[in-house]
Amino acid sequence: MPNPFNPSVLKWHEPTSTLSIAVPQPFGYEPNIGYLSRSTNECLFAVDNSSIYKLLPLGDNLALIAVNSEDDLVLHVRIVHYSGTSLTSEVREDIARYVWEWFDLETDLAPFYAMEDPILRQVTEAFRGLRLMGIPDLFEAMSWGIIGQQINLAFAYTLKRRLVETFGTSLEWGGQTYWAFPTPERIAALTPEDLTLLQFTGKKAEYLLGVAKLMTQGELSKKGLLATGDFAAMEQELLRIRGIGPWTANYVLMRCLRNPAAFPLADVGLHNALKHVLGLDAKPSLAQIRQLAEGWQGWEAYATFYLWRVLY
DNA sequence: GCCCAGGGTTATA
DNA sequence: TATAACCATGGG
């Protein structure tokens, strides 16, 4: 059974503005930290002393939050700083909802762990409690997908950092600078040269500006996509967008729109992970991968995410 | 210097 | 519908 977000059961503690979320089991904080720590070049959150710090844009205001868990039963969310005049219940709810989506607390992992597939068995045992960490913001998810097309992950992180630190929003706190992803408005106002200057290819610059413009013109939104009903329709909508192919569409379905069956089949990371866990000499063919994935039906996104952890 | 990287579009058959 | 060529850039 899924665990829908329910603001009425949220428990806030004063005066430190801390929220305790009883997380659905199984949940493992450590494997999630492991995923979030995979790049030392990440710019959109920081892991420090086993707490995750993240800057959230909420309307015109910013909230810096710290998340941690000591027992894998309760997730603590502390509002470190809020730029607005008062922490209304609406703001608190937005923050709680973001964390809920970010950690994919809606999903019940039990059926996934019950899948009888030899490959899944390996990775679910190795990363028990890992949840498919999301990218709740659609523009960020699509941008990160586009940035990651056909380049190695290290360079992708570098490009993202340049984009964020040039056009994003920041907050100084406790001697640290925290960054939030640029808004579509900011990116839509750029020229392709603004991005090629940061070593984006001409294509990536064009795609990013295109997506930003669709969003600022109201022709593309997370709410609008989710309202189309089924995931197949959402995928078709995404595929109509220039620069969004099958891999990126499924990446966005997986990390943002939360289709557990989204499957970025062309993902090189997935290919290399399968090569590794199966002890192959070469990367498996697409036909082989389709065959292997027959045992993952309904959970392809989670299978892919867990397999990524084998390599990085 | 070479192959590779969390692909997509366009041209061609 | 299916396959090939081209794209452009840094990492290792």
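Below, chains carry the letters A, B, ... as their sequence lines are ordered, and counting in each starts from 1.
- Within the cation-pi definition used here (under 6.0 Å to the ring centroid, within 45° of the axis), Arg309(A) qualifies as a partner of Phe127(A).
- Taking the nucleotide of DNA chain C with the nearest heavy atom to each of Gln150(A) and Thr158(A), the more 5' of the two is matched to Gln150(A).
- Of the candidate nucleotides dT9(B), dG7(B), dA5(B), dT9(B) has the atom lying nearest to any side-chain atom of Tyr207(A).
- The distance from atom NZ of Lys275(A) to atom P of dC4(B) is 9 Å, rounded to the nearest whole Å.
- Residue Asn250(A) places none of its side-chain N or O atoms closer than 4.0 Å to OP1 or OP2 of dG7(B).
- One atom, NZ of Lys203(A), and another, P of dG8(B), lie 13 Å apart when rounded to the nearest Å.
- The Asn152(A) side chain lies nearest to dG11(C) when the options are dG11(C), dG8(B), dG7(B).
- The phosphate of dT10(B) has OP1 or OP2 within less than 4.0 Å of a side-chain N or O from Arg242(A).
- Between the C1' atom of dG7(B) and the CG atom of Leu239(A) lies a distance of 13 Å, rounded to the nearest Å.
- Phosphate contact (OP1/OP2 of dA5(B), side-chain N/O of Lys204(A), threshold under 4.0 Å): absent.
- Ranking dG10(C), dG7(B), dA8(C) by closeness to the Thr201(A) side chain, first place goes to dA8(C).
- Mapping Gly243(A) and Gly148(A) onto DNA chain B via the closest heavy atom, the residue that lands nearer the 5' end is Gly148(A).
- A centroid separation of 6.0 Å or more is found between the aromatic rings of Phe45(A) and Tyr53(A).
- Taking only side-chain atoms of Gln199(A), from C-beta outward, the nucleotide of dG8(B), dA5(B), dT9(C) with the closest atom is dT9(C).
- Closest approach to the Ile151(A) side chain among dG12(C), dG8(B), dA5(B) is made by dA5(B) (side chain taken as heavy atoms from C-beta onward).
- What separates CD1 of Ile241(A) from C1' of dG7(B) is a distance of 16 Å, to the nearest Å.
- Picking from dG12(C), dG8(B), dT9(C) the nucleotide with the shortest atom distance to the side chain of Gln149(A) gives dG8(B).
- Spacing between atom CG of Leu159(A) and atom P of dA5(B) amounts to 17 Å, rounded to whole angstrom units.
- In this structure, Thr248(A) reaches the dG8(B) phosphate: one of its side-chain N or O atoms is under 4.0 Å from OP1 or OP2.
- Using atom P as the reference point in both dT9(B) and dG10(C), the two lie 22 Å apart (nearest Å).
- In the model, Trp308(A) has a side-chain atom that pairs as donor or acceptor with a side-chain atom of Asp267(A) under 3.5 Å.
- As a whole-Å value, the separation of Trp308(A) CH2 from dA5(B) P is 15 Å.
- Contact annotation for Ile146(A): no contact, since no heavy-atom pair falls under 4.0 Å across all strands.
- The separation between Ile289(A) atom CD1 and dG7(B) atom P is 12 Å, rounded to whole Å.
- For the residue pair His76(A)/Thr18(A), the side-chain donor-acceptor check at 3.5 Å is not satisfied.
- Of the N and O atoms on the side chains of Thr107(A) and Asp104(A), at least one donor lies less than 3.5 Å from an acceptor on the other residue.
- In this entry the distance linking CG of Asp267(A) with P of dC4(B) reads 17 Å, nearest Å.
- Leu58(A) approaches Ala63(A) most closely through the heavy-atom pair CD1-CB, 3.8 Å.
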